Amino acid sequence: MSLSDHPKAYGSAAVALAFGAGILVTLGFKDLYPDLEYRYQHTRRRSQARPGNRRRSSLFWGQPLKLEDHESQPPSPSRGDPGGGTGIASCIGNTPLIEIESLSRATGRVILAKAEFLNGAGNSPKDRVALNMIQEAEKAGLLVPHRGDTIYEGTVGSTGISLATLARARGYKAHICMPDDQALEKSDLLHHLGAAVERVAVAPITSPDHFVNLARRRADAHTANSADGSRGFFANQFESEANWHAHLNTTGPEIWSQTGGDLDAFVAGAGTGGTIAGVARYLRLGAKASAVKIVLADPQGSGLFNKVKHGVMYSNTEKEGTRRRQQVDSMVEGIGINRVTENFEAGRDLIDDAVKVTDEQACRMARWLVENDGIFVGSSSSVNCVAAVITAMGLPEGSRVVTVLCDSGTRHLSKFWKRIKEMGLEDEEASDLFGELGIARQEE
């Protein structure tokens with residue numbers, strides 16, 4: 001007998017086939033259009049419009065379906081698992097994404113921060129960069145463990161700390177050149193990590209005595225004059241593609257996974273430019289989240305704000321007789337620069353907007369975070385948080401903004417936090433975030 005002789009059986013088979021086809025079509029759309037998930041959740045969240053809301057997973061609109069053979073494949077080790085990694089390098093990455101509750105309450109938007117100060121080597125996002133630069137150099141034969149090779153770098157601190165830590169762990173020495181206006185605790189820490197440190201007078205990048213140019217020259221001299229076959233390797237964090245590649249391959253995917261693709265803006269400062277470029281390229285080109293807004297957080301005196309906003313590298317503080325520093329007229333360390341690096345250029349066309357943050361705003365934000373959230377961070381993290389608040393207020397209520405907490409305030413005691421104390425901010429308790437930052441609370 002055929003199915004046509006039994007209408008009920010025929011009808012049941014047709015329904016089953018239609019249901020199965022529907023599943024395949026739905027999953028097909030999910031794979032073909034990665035941005036569809038984001039747009040669906042983005043529209044749904046707008047109707048709910050309340051901070052702290054979290055996306056609910058469902059059968060068809062959750063994470064992409066992945067089939068796994070749990071019987072034949074051992075579980076992948078992750079940070080924190082007993083025996084999950086070897087050496088200090090295994091403590092790098094997979095940092096938490098935390099909500100800064102006081103900022104979310106004040107803005108009516110969800111402010112999330114990637115806690116990069118919890119990277120386990122140098123306690124900053126530069127751990128990712130340093131590790132990738134070393135690994136790429138090893139692959140190219142430029143560094144050979146226990147040959148006597150030395151890693152040279154020009155840095156304001158964090159990259160040098162990460163390189164010094166990883167250098168020792170992988171069988172190298174480290175030689176760090178840094179400007180002499182940086183916080184003393186950074187160079188002290190580098191000494192304790194076994195690195196050779198040169199604090200040099202501040203000079204423009206065009207000068208051979210600029211800290212970056214000096215590090216390059218030291219590396220070349222090491223290789224040229226070596227009697228034992230060892231080499232000097234100039235890490236070149238400002239121009240090395242290994243910098244932004246580290247964030248393209250790790251930081252960006254982690255943020256996308258931790259938010260479930262549910263974010264409206266990513267905000268970060270730029271020193272070398274690797275973080276914002278790498279994350280932007282992943283979000284826009286890898287995850288294809290074209291609607292995510294990429295925003296630069298820039299301290300006063302840096303030229304990048306004007307480069308993004310107006311296409312010209314210029315700041316009013318660069319006028320003759322108005323600058324108190326050669327590099328950036330700000331007490332903020334780690335971000336802000338007056339040239340376009342190769343790393344920044346890798347993501348510059350993906351940056352939608354920029355926010356200028358004053359030293360005073362950064363100081364007040366740092367104190368606000370301690371008082372309200374128990375978060376103790378340095379100057380670049382404070383700049384990021386100010387810019388995240390300003391960015392959030394330009395988005396609809398309920399939007400989700402992600403930024404970066406770069407390093408602990410313990411590296412900024414002698415300069416940034418000393419200034420906060422001198423301002424009297426530790427003697428008073430702030431209650432109005434917008435009043436502290438000197439920005440208007442936008443009406444809904």
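Bear in mind the structure is a predicted one, so any value in this text is a computation, not a measurement.
- The backbone N or O of Ala113 lies less than 3.5 Å from no partner atom in the side chain of Thr403, so there is not a single donor-acceptor pair.
- Residues satisfying the side-chain contact (heavy atoms from CB on, under 4.5 Å) test with Phe305, not counting sequence neighbours, are Asp298, Lys309, Ala354, Lys356.
- In terms of heavy-atom proximity, Ile100 sits nearest to Cys385 at CD1-SG, 3.9 Å.
- When the options Glu153, Glu138, Lys126, Arg128 are evaluated for a side chain to side chain contact (heavy atoms under 4.5 Å, CB included) with Met133, the one that passes is Glu153.
- Put simply, the side chain of Ser124 reaches to within 4.5 Å of the side chain of Arg411, judged on heavy atoms.
- Applying the salt bridge (charged side-chain N to carboxylate O under 4.0 Å, His left out) test to Lys418 and every residue at least two apart in sequence or in another chain returns nothing.
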Step by step, work out the side chain to side chain contact (heavy atoms under 4.5 Å, CB included) result for Asp353 and Val308. CA-CA 7 Å; Asp353 200 1; Val308 171; 5.6 Å; no

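- Judged purely by atom type and a 3.5 angstrom limit, Asn384 uses its side chain to pair as donor or acceptor with the backbone of Gly269.
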Check step by step if side chain to side chain contact (heavy atoms under 4.5 Å, CB included) holds for Leu405 and Ile375. CA-CA 9 Å; Leu405 298 179; Ile375 297 174; 4.1 Å; yes

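- Partners of Glu360 under the salt bridge (charged side-chain N to carboxylate O under 4.0 Å, His left out) rule, at least two apart in sequence or in another chain, are Arg364.
- In this structure, CG in Leu433 is found 8.0 Å from OG1 in Thr107, a value given to the nearest 0.5 Å.
- Checking each of Val200, Leu190, Val212, Leu214 against Met178 for a side chain to side chain contact (heavy atoms under 4.5 Å, CB included) leaves exactly one that passes, namely Leu190.
- Defined by atom type and a distance below 3.5 Å, a donor-acceptor pair is present between the side-chain atoms of Glu116 and Thr95.
- Trp256 has its side chain within reach of Leu263: a pair of non-hydrogen atoms, C-beta onward, lies under 4.5 Å apart.
- Although no hydrogens or angles enter the test, the distance criterion places a donor-acceptor pair under 3.5 Å between the side chain of Asn132 and the main chain of Ala242.
- For Arg216, the salt bridge (charged side-chain N to carboxylate O under 4.0 Å, His left out) test picks out no residue, with sequence neighbours left out.
- The main-chain N or O of Ile351 is never found under 3.5 Å from a side-chain atom of Arg284 such that the two would form a donor-acceptor pair.
- Pairs passing the side chain to side chain donor-acceptor pair (under 3.5 Å) check and including a residue from residues 233-244, sequence neighbours excluded, read Thr159-Gln237, Asn243-Thr272.
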Verdict with supporting geometry, Phe238 and Ile337, side chain to side chain contact (heavy atoms under 4.5 Å, CB included): CA-CA 11 Å; Phe238 287 90; Ile337 195 170; 3.8 Å; yes

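- Every side-chain contact (heavy atoms from CB on, under 4.5 Å) that Arg419 has, sequence neighbours left out, goes to Met331, Cys363, Glu422, Met423.
- Atoms CG and SG, from Asn123 and Cys91 in turn, are 10.0 Å apart once rounded to the nearest 0.5 Å.
- By the side-chain hydrogen bond (donor to acceptor under 3.5 Å, both in side chains) test, Glu185 pairs with Ser414, sequence neighbours left out.
- Legend: residues meeting side-chain hydrogen bond (donor to acceptor under 3.5 Å, both in side chains) with His247, ordered by chain and number and at least two apart, are Thr251, Thr275.
- Put simply, the side chain of Glu254 gets close to the backbone of Asn94: a donor and an acceptor are under 3.5 Å apart.
- Panel note: side chain Arg109, backbone Leu395; a donor-acceptor pair is recorded below 3.5 Å.
- Residues meeting the salt bridge (charged side-chain N to carboxylate O under 4.0 Å, His left out) test with Asp427, sequence neighbours left out: none.
- Judged purely by atom type and a 3.5 angstrom limit, Ser382 uses its side chain to pair as donor or acceptor with the backbone of Gly378.
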So Lys186 and Glu333, salt bridge (charged side-chain N to carboxylate O under 4.0 Å, His left out) or not? Walk me through it. CA-CA 11 Å; Lys186 293 182 180 180; Glu333 298 180 357; 2.6 Å; yes

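- Here the side chain of Asp264 pairs a donor or acceptor atom with the backbone of Arg400 at under 3.5 angstrom.
- Residues passing the side-chain contact (heavy atoms from CB on, under 4.5 Å) test with Ala174, sequence neighbours excluded: Ala164, Ala167, Ala195.
- Ser257 contributes no side-chain N or O that, together with a main-chain N or O of Pro253, makes up a donor-acceptor pair within less than 3.5 Å.
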Starting from the C-alpha separation in whole Å, work towards a yes-or-no answer on side chain to side chain contact (heavy atoms under 4.5 Å, CB included) for Val332 and Asp359. CA-CA 7 Å; Val332 173; Asp359 283 358; 3.8 Å; yes

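- By the side-chain hydrogen bond (donor to acceptor under 3.5 Å, both in side chains) test, Gln258 is found to be paired with Lys114, residues two or more places apart in sequence or in another chain being considered.
- Judged by distance alone, the side chain of Asn306 and the main-chain N or O of Val312 form no donor-acceptor pair under 3.5 Å.
- The side-chain hydrogen bond (donor to acceptor under 3.5 Å, both in side chains) check on Arg168 picks up nothing, with sequence neighbours excluded.
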